[in-house]
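Take a look at the structure set out below.
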Amino acid sequence: ARVLVKIVTDFITVIQFRHPNEVGGAQLVFGQLTSVATLFFALDLAEGSGKLGNEIDRLWHISSILTGAALLSYIVLFTNINKGYIHTFFTLETGGQMNIRTFRVQEDDGAKAEAIFPNNKNQWK
């Protein structure tokens, strides 16, 4: 199920569906850009085959609209997000790796507890 969610999330490029424990932000952005590029590559191949006739123009139009909507989704997110989190879209570190790093650098036991307890126990195996 997790793989299916990852594929759907990357293909539809709705960045708000991102789950930080799956992959780092850079991998997610790369996957989404690759999905969009693949869509246009497939359309180009279909157009070259000539099998779709007049439907290819409609498909190009729909794909352009959906890509524009995805771009708008990114713009809305990046203008409304807490600016301190933008760097997470350009790092290879996952949410789980960040939690472990945060735990290890803390010197105070209370801060270590805050790094451990609100998070998934499977991260610590």
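Residue numbers start at 1 and run along the sequence shown.
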Query raised in the report: Okay, side chain of Ser73, backbone of Ala69: is any donor-acceptor separation there less than 3.5 Å?
Result: no
Requested in this report: Would you indicate whether the side-chain heavy atoms of Asp44 and Phe40 approach each other to under 4.5 Å?
Outcome: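 They are not in side-chain contact.
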Roughly how far apart are [X] [atom1] and [Y] [atom2], rounded to 0.5 Å?
X     : Y     : atom1 : atom2 : answer
Asp57 : Leu52 : CG    : CG    : 10.5 Å
Leu77 : Leu72 : CG    : CG    : 11.0 Å
Ser49 : Ile56 : OG    : CD1   : 7.5 Å
Leu43 : Ile62 : CG    : CD1   : 9.5 Å
Leu59 : Leu39 : CG    : CG    : 9.0 Å

Query raised in the report: Got a sec: does the CG of Asn82 have more than 12 other heavy atoms crowding it under 6.0 Å?
Result: yes
**Report entry** Exceeds 12 heavy-atom contacts within 6.0 angstrom, atom NZ of Lys51
**Finding:**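 For Lys51, atom NZ is not crowded (no more than 12 foreign heavy atoms under 6.0 Å).
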Report task. Say whether Leu45 and Trp60 are linked into one hydrophobic cluster, either directly or through other cluster members, by side-chain heavy-atom distances under 4.5 angstrom. Result -> no
Query - Verdict with supporting geometry, Ile65 and His61, side-chain contact (heavy atoms from CB on, under 4.5 Å) - result: CA-CA 6 Å; Ile65 290 171; His61 185 69; 3.3 Å; yes
Report summary line: Nearest heavy-atom contact between Val76 and Asn80 is O-ND2, 2.9 Å
**Report entry** Where Lys112 and Gln106 come nearest, the two heavy atoms and their spacing
**Finding:** CE-O, 2.8 Å
